[in-house]
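In the text below, chain A, chain B and the rest are named by the order of the sequence lines, each starting its count at 1. Quick caveat: nothing in here was measured; it's all calculated off a predicted structure.
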Amino acid sequence: MSNRNLVIVESPAKAKTIEGYLGKDFIVKSSMGHIRDLVKGDKAIDVEHNFTPHYEISEGKHQLVKELSDLSKKSDTVWLATDDDREGESISWHLKEALDIDDSKIKRIVFREITQKAILKAIENPRTIDVDLVNAQQARRVLDRLVGFEISPVLWKKIKPGLSAGRVQSVAVRLVAEREREIEKFNSQASFKTQGFFKTKAGKILQGDLNKDYTEEKDIISLMEASVNAGFKVSNKEVKPAKRTPAAPFTTSTLQQEASRKLSFSVTRTMVLAQKLYEAGKISYMRTDSTSLSEDALQAAANQIASEFGPKYAQRRQFKTKSESAQEAHEAIRPTDFSISSAGVEKDEQRLYDLIWKRAIASQMADAELERTIITMKAEGNSYTGLSGGEKLQYQATGEVIKFDGFLKVYLESNDNEEESEDEKLLPFVEIGEALGLEQIKSRQRYSKPEPRYTEASLVKKLEELGIGRPSTYAPTVSTIEKREYVNKEWREGKSREYIELILKAGKIEKAVKTEIFGVEKGKLFPTDTGLIVNDFLFNYFKEIVDYDFTATVEREFDTIAQGKLGWQDMISKFYLPFHKTVESTASIERKEVNVAREIGVDPKTGKKITARLGRFGPYVQIGEQEEGGPKPAFASLKKEQRIESITLEEALTLFDLPRDLGEFEDIKMVVNNGRFGPYVKHGPAFYSLQKGMDPYTISTETAIQLIEAKRIADIEKVIKVFDARPDVKILNGRWGPYLAVGKENIKIPKGIEAKDLTLEKCLELATAQAGKPAVKKAAGRFAKKK
DNA sequence: CAGTGAGCGAGCTTCCGCTTGACTT
């Protein structure tokens with residue numbers, strides 16, 4: 001039987017939907033993304049022969065390509081309906097090449113929304129494959145391979161095997177590294193923020209902020225003294241209408257940001273959950289850079305809003321996509337059916353759907369109308385304005401009242417700055433000129449803060465602003481730099497510091513010194529020593545590649561190629577020749593130049609230099625140099641939160657305090673040390689890992705004994721059965737249930753046998769049957785490779 | 001499991017973008 005029409009799209013979920021729109025003359029299949037890619041290794045691009053790329057069918061795609069090929073041979077027309085962007089055009093071209101079909105049978109169609117109208121319209125307007133656009137993709141692909149596969153081996157030689165560099169990931173690392181250094185350099189300044197509390201004629205309290213910050217305590221004292229009999233008045237009152245406008249519906253990047261802020265999801269978790277909702281047909285495609293909605297969606301949202309909230313809440317809006325690099329091959333992320341307000345299997349899926357629904361609905365709702373009131377309060381005749389140069393000191397109170405909630409009924413976008421909450425604030429009624437009683441003036445020191453460290457999501461936001469990376473790669477890029485250990489996602493406890501608080505009340509000034517916790521970090525990205533060293537190296541030798549504008553610059557050239565005004569090989573050739581020279585020039589760089597040992601200071605005991613450096617097994621400090629034939633110098637690994645470039649001499653010295661003697665327990669020596677798997681206490685032949693919060697440098701003998709005793713109790717609770725005749729044979733309770741331990745071998749108890757009923761004979765029988773076989777097989781396949 | 005940290009050598013690693021698979025304890 002012959003199928004008249006074969007349609008090929010990229011995603012199977014999309015294929016299913018479209019098949020429903022097209023009827024039985026059409027069979028719709030998916031390519032599952034790219035089907036061919038550059039061959040593996042360094043022979044993919046023939047640099048000598050005008051950068052000729054060599055492609056092959058990707059691993060695991062042979063079966064699929066064969067199926068598509070067979071189907072296409074049986075069809076009269078093959079509709080290549082891959083995405084309407086650079087990569088999509090390329091997939092169509094690769095399909096044409098790989099399926100080996102007659103050109104006359106091929107039609108290329110595009111649509112940017114999955115609606116019946118859009119698909120049918122596309123079928124009526126087929127075109128041919130846009131070779132210029134395909135060439136722009138080839139240039140992108142070849143450039144990325146050349147950059148990645150020429151720089152990475154330099155890192156293996158000069159820094160550490162297995163490292164990587166690339167147009168996208170290296171900029172991501174640079175952002176995190178530079179932010180960390182800004183924070184380290186940041187000089188936090190304290191200044192006094194002052195609030196006045198005044199009593200109105202009607203007896204209510206009106207609170208306002210002083211329009212000047214002082215750094216000196218004496219200025220605040222003078223101000224307070226001058227305020228006692230100053231005579232405050234309402235000097236002005238302004239009431240202005242204001243409005244707030246809803247945010248655009250989600251793109252991939254804004255979805256990741258909001259899910260991170262409101263639901264604390266990692267960017268990967270957000271994408272996994274969104275994928276499930278998409279496959280279940282609940283939301284539109286989740287990898288998109290567009291904020292626009294289809295006509296159908298606009299209508300459906302308007303209907304939903306009118307019926308749920310009333311027609312005056314509906315306001316049709318189409319949002320312009322902000323980012324210049326957007327290719328807009330899909331709609332914004334939205335529910336497929338606005339009348340379904342809850343969807344998803346797991347709890348987190350439901351929460352994500354709820355967020356998507358609200359954001360999309362709110363985007364089509366009316367503005368919120370507010371009334372903003374600003375009241376200023378001044379002392380009569382400005383009696384104390386002479387304090388510092390004669391500027392006008394005044395207090396200001398701002399209040400906001402919502403007159404019409406509009407979209408706020410449904411959704412309010414959060415922001416990265418946690419402290420700025422925009423709650424509705426109602427001010428007491430006052431009249432201009434009204435005299436105010438002074439209740440109190442409160443002034444406290446606040447410290448200035450550096451720009452915050454990136455979260456995964458705020459890093460994605462920054463990358464998108466720079467036009468670096470694509471919706472499909474944001475989450476994988478973050479994972480890559482984490483996997484390479486260039487950055488770590490960390491939780492850190494804060495430190496405490498003192499601040500001064502001055503209060504003027506009933507004519508008296510009281511001073512208090514209080515403490516606050518600052519610098520608490522939750523799931524923020526910190527660069528590692530490797531990340532910092534690799535970044536410095538790339539910045540010194542491959543400045544162009546890690547330049548924040550590099551991608552934007554090459555994107556402009558890709559666009560010129562897509563317009564047919566520039567040959568892709570010409571562009572690559574112009575880039576490659578100087579680039580390759582730089583790569584070659586790195587051969588003469590000494591490893592020591594790249595991985596510089598930092599001098600921390602001098603050991604007071606020996607007078608030898610203490611240095612810090614990145615070693616094969618991580619960062620370490622060392623006392624003195626290795627002399628020929630001499631003894632080995634003392635080494636110590638850095639603690640997890642320490643960095644080579646910021647560790648102090650004092651901190652370094654304590655690192656040499658290990659191993660530390662903890663005295664004796666039960667007549668056996670106890671020693672605490674740092675092991676490969678963390679700090680431990682060794683007691684005779686037994687090892688005890690330190691628990692969270694215990695520090696090997698400070699742990700006391702008592703705590704160590706408690707640790708040992710607690711572990712023994714836990715071990716006793718593990719034992720189900722022992723045999724007097726053979727003390728080496730035990731039945732123990734493990735994490736996944738009971739198991740048999742014979743000597744050092746752990747043996748699985750077969751199904752159907754009750755652990756309690758096992759006899760010694762049966763145990764030994766199981767042990768011999770198990771001999772030689774590992775108790776737990778190593779995980780096979782690609783999951784093992786990942787590690 | 002509970003040190004090591006240099007450099008040599010075999011043969012390995014690595015890019016960015018599209019998209020969803022499913023080893024067996």
Side-chain angles (χ1 to χ4, degrees), chain A residues 9-14 30-38 40-42 44-45 58-61 63-64 82-83 85-91 94 137 140-156 160-170 272 275 278-279 285 287 327 329 468-474 476-477 480 484 545 551 591-592 595 597 611 613-622 626 632-637 659 671 673-682 685-689 736-737 748 751 775-785:
Chain A
V9 296
E10 290 181 36
S11 146
K14 206 193 254 189
S30 74
S31 73
M32 311 266 231
H34 276 292
I35 52 150
R36 297 204 311 181
D37 191 14
L38 292 174
K40 279 178 246 133
D42 50 11
I45 299 155
S58 306
E59 214 177 320
K61 288 290 178 76
Q63 177 69 28
L64 175 74
T82 53
D83 292 351
D85 57 19
R86 195 164 65 204
E87 298 295 325
E89 204 66 20
S90 160
I91 294 174
H94 280 294
Q137 193 276 345
R140 198 280 303 157
R141 183 69 192 89
V142 166
L143 177 93
D144 282 338
R145 170 61 68 87
L146 289 171
V147 168
F149 276 41
E150 294 218 2
I151 301 183
S152 296
V154 178
L155 300 180
W156 305 342
K160 201 172 137 180
L163 296 178
S164 63
R167 175 177 57 83
V168 173
Q169 59 168 286
S170 297
V272 167
Q275 176 88 26
Y278 167 68
E279 283 171 13
Y285 195 56
R287 289 184 277 262
Q327 307 197 8
I468 298 172
R470 303 279 314 133
S472 68
T473 60
Y474 293 140
T477 298
T480 298
R484 297 268 175 278
I545 306 299
T551 291
R591 280 181 68 98
K592 276 184 187 158
N595 184 3
T611 50
R613 207 177 150 277
L614 185 66
R616 265 203 294 158
F617 305 100
Y620 65 93
V621 281
Q622 169 182 351
Q626 168 82 64
K632 282 204 155 201
F635 292 100
S637 294
V671 174
N673 200 358
N674 255 330
R676 187 140 109 74
F677 305 98
Y680 63 94
V681 171
K682 193 163 187 276
F687 291 93
Y688 302 90
S689 292
W736 296 288
K748 195 177 173 276
K751 276 188 189 134
V776 179
K777 267 195 215 162
K778 292 267 180 283
R782 59 207 189 85
F783 284 92
K785 263 189 273 171

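- Nearest heavy-atom pair across A:Lys61 and A:Met32 is NZ-O, 2.9 Å.
- In terms of position along DNA chain B, the nucleotide closest to A:Arg36 lies nearer the 5' end than the nucleotide closest to the other residue of the pair A:Tyr278 and A:Arg36.
- Side-chain contact annotation: A:Ser164 with A:Arg484, donor-acceptor N/O pair under 3.5 Å present.
- For the OP1/OP2 pair of B:dG3 and a distance below 4.0 Å, the side-chain nitrogens and oxygens of A:Tyr680 include at least one atom meeting the criterion.
- A:Lys14 pairs by the side chain to side chain contact (heavy atoms under 4.5 Å, CB included) definition with A:Val9, A:Ser11, A:Ile18, A:Asp83, A:Ile114, A:Tyr278, A:His330, not counting sequence neighbours.
- In this structure, A:Phe687 forms an aromatic stack with the base of B:dA2, since both conditions hold: centre separation below 5.5 Å and plane angle below 30°.
- B:dG3 atom C1' lies 12 Å from atom CZ of A:Phe635, rounded to whole Å.
- Note on A:Arg287: a side-chain N or O is less than 4.0 Å away from OP1 or OP2 of B:dT20.
- Taking the salt bridge (charged side-chain N to carboxylate O under 4.0 Å, His left out) definition, one finds that A:Glu87 meets it with A:Arg140, sequence neighbours left out.
- Under a 3.5 Å cut-off, the side chain of A:Ser152 and the backbone N or O of A:Gly148 do form a donor-acceptor pair.
- Between A:Ser472 and B:dG17 there is no side-chain polar atom (N or O) within less than 4.0 angstrom of OP1 or OP2.
- Under the rule for a side chain to side chain contact (heavy atoms under 4.5 Å, CB included), A:Pro161 has no partner lying at least two apart in sequence or in another chain.
- Distance A:Gln137 CD to B:dC18 P: 9 Å, rounded to the nearest Å.
- Atom CD1 of A:Ile35 is separated from atom C1' of B:dT19 by 12 Å (rounded to the nearest Å).
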Within the 4.0 Å limit for protein heavy atoms, which parts of nucleotides 10-16 of chain B are touched? Write it as a string from 5' to 3', B for base, S for sugar-phosphate only, - for none. ---BBBB

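- If you take CG of A:Asp83 and P of B:dG17, they are 15 Å apart, rounded to a whole angstrom.
- With a cut-off of 3.5 Å on both pairing distances, the Watson-Crick and G-U wobble pairs of DNA chain B never assemble into a stem of 3 or more.
- The side chain of A:Glu279 lies closest to B:dT20 when the candidates are B:dG5, B:dA2, B:dT20.
- The distance between atom CE of A:Met32 and atom C1' of B:dG17, rounded to the nearest whole Å, is 16 Å.
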Could you give me the CA-CA distance, side-chain angles and deciding distance for A:Arg141 and A:Leu38, then say whether side chain to side chain contact (heavy atoms under 4.5 Å, CB included) is met? CA-CA 8 Å; A:Arg141 183 69 192 89; A:Leu38 292 174; 3.9 Å; yes

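- Residues A:Ile151 and A:Ile545 are in side-chain contact: their nearest non-hydrogen atoms beyond the backbone lie under 4.5 Å apart.
- Partners of A:Lys592 according to the side chain to side chain contact (heavy atoms under 4.5 Å, CB included) rule, which considers only residues two or more places apart in sequence or in another chain, do not exist here.
- When rounded to the nearest whole Å, the span between CD of A:Gln622 and P of B:dG3 equals 19 Å.
- Among the protein residues, A:Ser637 comes within range of the nucleic acid bases, having at least one heavy atom under 4.0 Å from a base atom.
- In this structure, the CD atom of A:Glu89 is 14 Å from the P atom of B:dC18, given to the nearest Å.
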